[in-house]
Student: 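Below is one structure. I have some questions about it.
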Amino acid sequence: MEYKVIQSGSKGNAVIINNNILVDCGVPYAKLKDYLKDIEYLFITHKHSDHLKKSTFKSIRNKWKHIKIYSNYEVAMEAVSYTHLRAHE
């Protein structure tokens, strides 16, 4: 397994696994945009802002529609409040 830590800590978290899985998006979009063309899945661990940055999530959702997003119910409800999505999408 290969991984690249984009950032880790209280100011933001994002890790890429095997070049196609992004775990968390708690960093500025600019730090992720060059990697997103190869990302297939985004896993969001929880809704704290250092793991789920609202503006980054919205940019990923709007610009990279091929990325499938996975999370728990609490995160899904938070993400729905950011976008026009329904929880099951």
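In what follows, residues are counted from 1 in the order of the sequence shown. Bear in mind the structure is a predicted one, so any value in this text is a computation, not a measurement. Hydrogens, waters and symmetry mates play no part in the numbers below; they use all other heavy atoms, side chains included.
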Student: Can you tell me how far the CG atom of N72 sits from the CE atom of M77, to the nearest 0.5 Å?
Tutor: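 Between atom CG of N72 and atom CE of M77 there are 10.0 Å.
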
Student: With sequence neighbours excluded, tell me which residues meet ring pair (Phe, Tyr, Trp, His ring centres under 6.0 Å) with H48.
Tutor: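 Applying ring pair (Phe, Tyr, Trp, His ring centres under 6.0 Å) to H48 gives H46.
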
Student: By side chain to side chain contact (heavy atoms under 4.5 Å, CB included), which residues pair with S8, not counting sequence neighbours?
Tutor: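 With sequence neighbours excluded, S8 shows a side chain to side chain contact (heavy atoms under 4.5 Å, CB included) to V5, N13, given in chain and number order.
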
Student: Could you check whether any side-chain heavy atom of V15 comes within less than 4.5 Å of a side-chain heavy atom of I6, counting everything from C-beta outward?
Tutor: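 A side-chain contact under 4.5 Å is absent here.
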
Student: I60 and C25: which non-hydrogen atoms are nearest, and at how many Å?
Tutor: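 Nearest pair, atom of I60 first, then C25: CD1-CB, 4.1 Å.
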
Student: CD/E2 to CD1/I16 distance, rounded to the nearest 0.5 angstrom?
Tutor: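 Between E2 CD and I16 CD1, I get 11.5 Å after rounding to 0.5 Å.
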
Student: Tell me, please, which residues at least two apart from S55 pass side chain to side chain contact (heavy atoms under 4.5 Å, CB included).
Tutor: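 S55: side chain to side chain contact (heavy atoms under 4.5 Å, CB included) contacts with K53.
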
Student: Shortest non-hydrogen contact from E78 to L52?
Tutor: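 Of all heavy-atom pairs spanning E78 and L52, the closest is CG-CD2, 4.0 Å.
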
Student: Would you give me the side-chain donor-acceptor pairs under 3.5 Å for residues 35-42, sequence neighbours excluded?
Tutor:
from	atom 1	to	atom 2	distance (Å)
E40	OE2	N20	ND2	3.1

Student: Between D24 and T45, do the side chains contain an N or O donor and an N or O acceptor separated by less than 3.5 Å?
Tutor: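 Distance-only check passes for D24 and T45.
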
Student: Could you report the tightest heavy-atom contact between S71 and A76, atom names first, then the distance?
Tutor: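 So the two residues come closest at OG-N, 3.5 Å.
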
Student: Taking all heavy atoms of V75 and all of K47, pick out the closest pair and write down the distance.
Tutor: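 Closest pair (atom of V75, atom of K47, distance): CG2-N, 3.6 Å.
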
Student: Once side chain to side chain contact (heavy atoms under 4.5 Å, CB included) is applied, do any residues pair with Q7, and if so which ones, sequence neighbours excluded?
Tutor: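 Counting only residues at least two positions away or on another chain, Q7 forms a side chain to side chain contact (heavy atoms under 4.5 Å, CB included) with K11, V27, K31.
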
Student: Apply ring pair (Phe, Tyr, Trp, His ring centres under 6.0 Å) to Y29 and list each qualifying residue two or more places apart in sequence or on a separate chain.
Tutor: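 Expected list: none.
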
Student: Indicate the atoms forming the closest heavy-atom contact of L32 with A14, along with that distance.
Tutor: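 Taking L32 first and A14 second, the nearest heavy atoms are CD2-CB, 4.0 Å.
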
Student: Is the shortest side-chain heavy-atom distance between I69 and F43 below 4.5 Å?
Tutor: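 A side-chain contact is absent here, since even the closest heavy-atom pair is not under 4.5 Å.
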
Student: Answer yes or no: is there a side-chain heavy-atom contact under 4.5 Å between M1 and I17?
Tutor: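 Yes. Closest side-chain heavy atoms under 4.5 Å.
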
Student: Can you check whether Y3 reaches V23 side chain to side chain, under 4.5 Å on heavy atoms?
Tutor: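 They are not in side-chain contact.
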
